[in-house]
Structure formats: structure tokens, C-alpha cells
Amino acid sequence: MKKFSVVIAGGGSTFTPGIVMMMLENHERFPMRELVLYDNDEERQAKLGEALEILLKEQAPDLKFSYTTDPEEAFTDKDFCMAHIRVGKYAMREQDEKIPLRHGVIGQETCGPGGIAYGMRSITGMLEIIDHMEKYSPDCWMLNYSNPAAIVAEACRVLRPDAKVLNICDMPVGTLRRMSQIIDKKPEELEVRYFGLNHFGWWTSVKDKEGQEYIDQIREYVAENGYLTQVEVDKQHMDASWQETHKKARDVLAVNPRYLPNTYLKYYLYPDYEVAHSDPDHTRANEVMAGRENEVFTAARTIIEKGTAVDGGFHIDNHASFIVDLARAIAFNTHERMLMIVENNGAIANFPDDAMVEVPCIVGNDGPEPLAQGKIPSFEQALMFQQVTVEKLVVEAYIEGSYQKLWQALTLSKTVPSAQVAKDILDDLIEANKDFWPELQ
Ligand code: NAD
Ligand code: G6P
Ligand code: MN
């Protein structure tokens, strides 16, 4: 079988060890000949790179492994780039969350003003790595899950329309696992219909392969418990704040019981509740820095000190195995059915063609083919149109360097109460992001 050469962009990510171990676990389905980590923060990446080098020598001695900050070294002779960069790292995520909260507005990584601020930073970093990939390995595919995926995907559509970039999110994957627990099935036995934008969508059907529909049974459960289940799906989404999010899906469902909601809709439908239950001095960024980031880098240090990864603290991120499914779909033309973020072009019949939407797709060696989801009701359509316009305005503001358009984007966000609050937040965000954003006029 063919063996693949892979670069992970954002090699210093908290998710890198888990994903590398997941790929090792899946080596029969997705054999690798080379793995390179690439990051623009040499020091951060080296901490994980050195530990992974020890681990890989023990567990996969035939795999050629390296880590580098040199784009040519990283991107030459590659079949796949798994991209999970965070431009501005956790220090800036903290700002994204805390600045809006100071103005009484949702402070979140990908939703509302925080997501907009992050988007304005991510576009630059994403264009950079796409250009490296196209320069050194023009046939390479990028499997991107860098956030905010909706804005990143729109920026790719406009600025790099021919690039082989696939944008994907793990939230629907994780929630489907919860649904499968609710009905006592395996997630791979289920097939869904879904429409929306990234972090902004609804399941309209959850069936098994025989065509048995389970949406009523799942709805009944979610109406009482949200997506809270007792079984550990993955470590990350078990934190107390994530449990609150799974639970809150109950209230999101109550507004619109027809379809099963993505958990992120709570930020748009219950912003007042979310703000009231946020601590402006301690947000999710603080939790992750003290939690996942600390654990991963402590484990790396221990592996390096001991000189062995046997009984080491890196854990397999099994829930990320959809990345291997996606790579296999491209590499082996498997026609896997997956939710992807793609240009609408009629998949949602009554929604603009040029919107980046999240819908089920059949993925083969030419990329994703969206499956038609038909017409959507006006409640969801109106919410989506408002949100997609925010995302488009952010990309336009980035390209044109337009203060006005970014102000409009913030004003239009359902999370922001007025143009004045939008302006106050924007002015603070500009100050905090001056090392990252293009200059706005
Ligand atoms: P992290 O800060 O730990 O890691 C990101 C790494 O990217 C850092 O080491 C940083 O130095 C590096 N980086 C930043 N800009 C870069 C650039 N221009 N070139 C190369 N490297 C660069 O972050 P994390 O929490 O591990 O998350 C990584 C990313 O994955 C984030 O964007 C996060 O939102 C995303 N994510 C997405 C999903 C999804 O569903 N789509 C799921 C989980 C995480
Ligand atoms: C989910 C989303 C990702 C997001 C992550 C944040 O997995 O799909 O897009 O980045 O949650 O999780 P965290 O643990 O970093 O708050
Ligand atoms: Mn996501």
C-alpha cells in the first residue's frame, strides 16, 4: 500500500501529541512514511517535537520524523498537511474572550466578537501555510481544522479559490457520538442529514444504515438532558464547562424543537444567560491553559527527562480519527460521507450559492461533493443569513482594510446589542490585535 508523507502545521498545538498517536494507532488504514511538525514558534514546538521523537523511536522506528520552522523543509514532498494553527496562541484567545465580556457581550473562541477577532488573525496565518504548501508540494491536500473555521473557509473561498484545502470541524462528530450513545448504536452505524454554517447548524435526520430514523428518540432525550451522556466521549469535551454546553442544548432545542441543534447555537440564542454565567476574569482560555496545555507540556517534559515515552503521559486522541477517514477518502477515493464546510452552490436550496455552509458530503479523490439538503425553514434561514453575512463582512474588512465593514460585522452579530457596543469592542480589539491584524482605515 502507498505510504504517505504528512506535515502537521501548528506542530506546537496541544492537540499534536494526541493526533500523532491517533495516526500511529491507525497506521494500517493510513500508512505514513514521513511525519514533519511545522510551527512558527520554535521553542514551543521543540518541547513537543523532542518528546514525540522519543516516542516515535520507540513506537514507530521506521517512520521518518522531524520538526522544523523552515517552510521548505516542512512542506517539500508532502501528500497531506494537517493544519491546526492558532494565530496569537492562548494569550490572544484570552483577549478574544475577555474583551467582549468587559462590554457585557459573549466572550468565545469562535462565536461573536472573539471569533471575529480570531478570524482577522487566522486569515494571515492560513494564507501563509497554504502558500507554503502550494509552493513546495502543489499536489498536497490540506485538512484544515484551524479556527474560526467558518471565517477561514470563507477567506479561502475568496482568496485561494483553487487551493486544495478541506475545512472540517469535530463538533458534529463529537455530538453524533453522544447521539449514538443515547440510542445505543455505534456512530459509524449512523448516517445524518444536517445543514448550517460551521458552529451554527441543525441535524434533520439521524438514521441507521437500514433507514430506521432515530431523531424522535434522540429529541426526547435532548429535551430533558441536552447532549449530556454519562460515557466519556473524549477527554476535552468532558470538562465541566463543556458539560454545561452539552446540557444547554436542551434550551436551544426548546426554541426550535423540529431539528437537533449544534451546541454552539447557545451563544446566539442565549447570549444574556451565557454572559451572566461567565467570569470575565477567568474564561475557557484560562481553563485550557491550566488544564490541557499544562498537561500536554508537562507530559512532554517528563518524557524528555526520562528519555522514554513508555508509560508516558500522551494520550491517543481517538475522537480525531475522522481526520484519518478524511485523508483516506482523498487518498483511496473511499466516498466517505462526512460533514464538511463547503461552498453551498445549491446544497441548501434557499440559501446563497456563495455561502460557505456545513453539510454532508461524499468525499472522494477530487474532494467533497455536497449532498442536497433541500429548502430550510425561515427561522433557521434568517439566523444563518445574518451570521454568514457577518463572516463575509469580516473577510471583506480584512481584504479592504475596512474599519467600517468590521464595525458592521460586529454590529450585525446576533451576540452584540448595538452599534455603539460594537464600536467600543472593536476599538479595544484593534488595540489588542495591533501585532496581528491588517491596518484598518
Ligand atoms: P495551540 O495554541 O496549542 O497550538 C497552535 C499552534 O499554532 C501554536 O504552537 C502556534 O505557535 C502555532 N501557530 C500559530 N500561527 C502559526 C503560523 N502562522 N504558522 C505555523 N504555526 C503557527 O492551540 P490548540 O488549542 O491546540 O488549537 C489549535 C487549533 O485547532 C486552533 O485553531 C483551534 O481552534 C483548532 N481546533 C479546531 C477544531 C475544530 O473542530 N475545527 C477542534 C479543536 C481545535
Ligand atoms: C470543539 C470545536 C472546536 C473548538 C474546540 C474548543 O471541539 O469544534 O472548533 O476549537 O471545541 O475546545 P476547547 O477545549 O479548546 O475550549
Ligand atoms: Mn469546530
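Atoms within each ligand, like the ligands themselves, are counted from 1 in listed order. Given the structure is predicted, the values throughout are model-derived calculations rather than measurements. Values reported hereafter were calculated over all heavy atoms of this structure, with side chains retained and with hydrogens, waters and symmetry mates removed.
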Residue selection (non-hydrogen contact nearest atom 39 (C) of ligand 1) among F15, Y90, Y145
Y145
Among non-hydrogen protein atoms, atom 24 (P) of ligand 1 lies closest to T14 OG1, 3.5 Å
Atom NE2 of residue position H103 - does it have more than 12 heavy atoms of other residues, nucleotides or ligands inside 6.0 Å?
yes
Compute the shortest N/O to N/O distance between E109 and ligand 1 and return yes if it is under 3.5 Å, no if not.
yes
Does the structure place the NZ or CZ of R86 under 6.0 Å from the centre of the six-membered ring of Y90, at an angle of no more than 45° from the ring's axis?
yes
Nearest non-hydrogen protein atom, atom 7 (O) of ligand 2
D170 OD1, 2.6 Å
Atom 3 (O) of ligand 1 [closest protein heavy-atom partner, distance rounded to 0.1 Å]
R44 NH2, 2.7 Å
Parallel, tilted or perpendicular: ring planes of Y145 versus H84, cut at 30 and 60 degrees:
perpendicular
Any idea which protein heavy atom is nearest atom 20 (C) of ligand 1, and the distance to it?
N40 N, 3.5 Å
Atom 31 (C) of ligand 1: which protein heavy atom is closest, and how many Å away?
Y118 OH, 3.2 Å
At what distance is the nearest protein heavy atom to atom 5 (C) of ligand 1, and which residue and atom is it?
R86 N, 3.4 Å
Which residues and atoms, protein N, O or S only, are under 2.8 Å from the Mn ion (ligand 3)?
C169 SG, H199 NE2
By number and element, which atoms of ligand 1 are closer than 4.0 Å to a non-hydrogen atom of D170?
39 (C), 40 (O), 42 (C)
